[in-house]
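The analysis underlying the following values was restricted to heavy atoms, covering all of them including side chains, and did not include hydrogens, waters or symmetry mates.
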Amino acid sequence: MNVRRRSSAAALAAIAVIGAAAAPAVAADPSPSSSPSRTAPSGLYGTTDPQYDGVWRQSLALLAQDTAGVVPSSTAVKWLTDQQCANGAFAPFRADPAADCDAKTPIDTNNTAAAVQALWAVGGHGDVVESALGWLKSVQNEDGGWGYSPGTPSDANSTSVVVGALTATETDPEKVVKDGKSPYDALLTFALPCAEDKGAGAFAFQPDKDGKLLPNADATAAGVLGALGEGLVAEAADKAGAASCTDADKPTREGAAANAAAYLTATLAKDGHLVSALGGSADQPDYGNTADAVVALAAQGGADKAAGPLAWLEKNAAKWAAESGPAAYAQLIFAAHATGTDPRDFGGTDLVEKLNATGPAPQGVAAKDTASANADEKSDEKDDDSPFGVWWFVGVCLVFGIGIGFLLSNRNKKQQP
């Protein structure tokens, strides 16, 4: 389910309590967790040092749980909301949330935008979301985009994750402008033309020191979603997209997304996965970026377009996720969701159970898998009379012993705490 497009739906499920356990975590942002140097704070998913990725991995974990029909732990949600600074921004981690943020607090757009998407999805924190959106708008660059830190040059990844936060909260990115330019205007400046010998159609992270655009698979996957107005959670497109890069004097954002998807498809064709090179070592499979590419390809051209890299992930990604932790499980859940794959049987692994076990036990877990829930949601769309256009989550209380009790819990994403 896409947190922006879900209509009201009822999903009947038995609630199972999942015990909390610990696992290492790594973020999908440029700053992965290091080895543990302190005890992980209560309420946080994963056990590694959260200094560089605490908010990111927590946001992805909560968003993935919501996507899979899980009601997150209130303790976990509170951990995330407590990380917000008074000005609305989030840093990767604040050891003392009670202390005021100051000029040395490393607030950034990526963690803030991820937190917005997660908190909007779980509902009940409209004030936190609005404050974060206000801060993001206040640090928009003159080209319409965002850099990782306030005041730094715009890049494709940061601009895309902020676009996801805007559209997740039903804010039109085209109307969020600075000096007459929107985030989409900024994104198009990072798109390589089809005439390029190498990297045709790809997105660059940002121009190099000489102003040249160099293809970047990570930025390309992010750019596809950003250009389409999608967030971290995306639905598969209803129809297949273009199979090759198509030149245009001024491509539309949809055209740029199609060109970038064609680049990803060609790049993935060789091995079925993306690769990363760490200084001086041989190329290694890049599981996280491959998962992101699956989401991008499905969002742009349908689930079939992502079938190859999805199959590779199902076969190979379980060990990586077990070693990497919450954010990794979340990325795989997003890939499963975008392609209509059951995240509870992803190559034989129950991604939802594994994710839940890395932190506080959730309040409830829907027994139905995401694919079944989506089918129910689609069938219920015709009967949706909600004036808000917002989905409602319905869970069923524990079935045990004699009799069945039902507890219906309605969550409105715009509801204030």
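When side chains are defined from C-beta on, F190 counts as touching P207, because their heavy atoms get closer than 4.5 Å. Put simply, the side chain of L213 does not reach to within 4.5 Å of the side chain of Q206, judged on heavy atoms. In this structure, the side chains of T252 and L188 stay at 4.5 Å or more apart for every pair of heavy atoms. Side chains of D53 and P92 form no contact here, defined as non-hydrogen atoms less than 4.5 Å apart. Two residues are said to be in side-chain contact when any heavy atoms from C-beta on lie closer than 4.5 Å; F90 and T105 fail this criterion. Within the 4.5 Å cutoff, the side chain of V176 has no heavy atoms near those of the S182 side chain. For the pair P183/P173, a side-chain contact is recorded, criterion being any heavy-atom separation below 4.5 Å from C-beta on. Between P50 and R57 there is a side-chain heavy-atom pair separated by less than 4.5 Å.
No side-chain donor-acceptor contact under 3.5 Å links N110 and N157. Judged purely by distance below 3.5 Å, without hydrogens or angles, the side chains of R344 and T349 never pair a donor atom with an acceptor atom. Checking D143 against S154 by side-chain atom types alone, a donor-acceptor pair falls below 3.5 Å. In the model, Q65 has a side-chain atom that pairs as donor or acceptor with a side-chain atom of Y45 under 3.5 Å.
Within the model, atoms CG of D172 and OG1 of T167 stand 9.5 Å from one another, a figure rounded to the nearest 0.5 Å. In this structure, L274 CG and D292 CG are separated by 9.0 Å, a value rounded to the nearest 0.5 Å. Between atom CD1 of residue I333 and atom CZ of residue F346 there is a gap of 10.0 Å, rounded to the nearest 0.5 Å. Note that the CH2 atom of W146 and the NZ atom of K137 stand 9.0 Å from one another [nearest 0.5 Å]. In this structure, T171 OG1 and W120 CH2 are separated by 7.5 Å, a value rounded to the nearest 0.5 Å. Rounding to the nearest 0.5 angstrom, the gap separating the CG atom in L187 from the CG atom in L228 is 10.5 Å.
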Note to self: Between L351 and L332, does the side chain to side chain contact (heavy atoms under 4.5 Å, CB included) criterion hold? Intermediate values first, please.
What the structure shows: CA-CA 8 Å; L351 300 174; L332 294 179; 3.6 Å; yes
Check: Given N111 and F93, is the side chain to side chain contact (heavy atoms under 4.5 Å, CB included) satisfied, shown in steps?
Finding: CA-CA 9 Å; N111 284 287; F93 174 67; over 6 Å; no
Margin query: Between V122 and V71, is the side chain to side chain contact (heavy atoms under 4.5 Å, CB included) condition met? List the steps.
Written below: CA-CA 8 Å; V122 302; V71 183; over 6 Å; no
Note to self: Between S276 and D283, is the side chain to side chain contact (heavy atoms under 4.5 Å, CB included) condition met? List the steps.
What the structure shows: CA-CA 6 Å; S276 62; D283 289 351; over 6 Å; no
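Pairing each heavy atom of Q117 with each of A168, the nearest pair is CG-CB, 4.2 Å. Nearest heavy-atom pair across A257 and V224 is O-CG2, 3.8 Å. Nearest heavy atom pair, residue G229 against residue Y184, reads CA-OH, 3.4 Å. When every heavy atom of P360 is checked against every heavy atom of A76, the shortest pair comes out as CG-CB, 4.2 Å. Residue Q300 comes nearest to K305 through the heavy atom pair OE1-NZ, 2.8 Å, listed as atom of the first residue, atom of the second, then distance. The two residues A291 and L313 come nearest to each other via the heavy atoms CA-CD1, 3.6 Å.
When atom types are taken as modelled, the side chain of T220 and the backbone of A202 share no donor-acceptor pair closer than 3.5 angstrom. For the pair T112 (side chain) and T109 (backbone), a donor-acceptor distance under 3.5 Å is absent. No donor-acceptor pair closer than 3.5 Å links the side chain of T159 to the backbone N or O of A156. Here the side chain of S324 pairs no donor or acceptor atom with the backbone of A321 at under 3.5 angstrom. With D271 contributing its side chain and H273 its backbone, the two residues share no donor-acceptor pair below 3.5 Å. A donor-acceptor pair is defined here as one N or O able to donate and one able to accept, closer than 3.5 Å; such a pair exists between the side chain of T81 and the backbone of K78. At least one donor-acceptor pair closer than 3.5 Å links the side chain of T265 to the backbone N or O of A261. Distance alone, capped at 3.5 Å, is enough to place a donor-acceptor pair between the R94 side chain and the D82 backbone. A donor-acceptor distance shorter than 3.5 angstrom exists from the side chain of S73 to the backbone of T75, with no hydrogens or angles considered. One N or O on the side chain of N141 and one on the backbone of T152 form a donor-acceptor pair closer than 3.5 Å.
When the shell of 6.0 Å around CG of D238 is examined, it contains 12 or fewer heavy atoms from other residues, nucleotides or ligands. No more than 12 heavy atoms of other residues, nucleotides or ligands lie within 6.0 Å of CG in D100, so this atom counts as exposed by the packing criterion. Around the CD atom of E142, the shell of radius 6.0 Å holds no more than 12 heavy atoms that belong to other residues, nucleotides or ligands.
Taking the centre of each ring, Y287 and W312 come in below the 6.0 Å mark.
Ion pair D208/K212 not flagged as a salt bridge, since none of the NZ, NE, NH1 or NH2 atoms sits closer than 4.0 Å to an Asp/Glu carboxylate oxygen.
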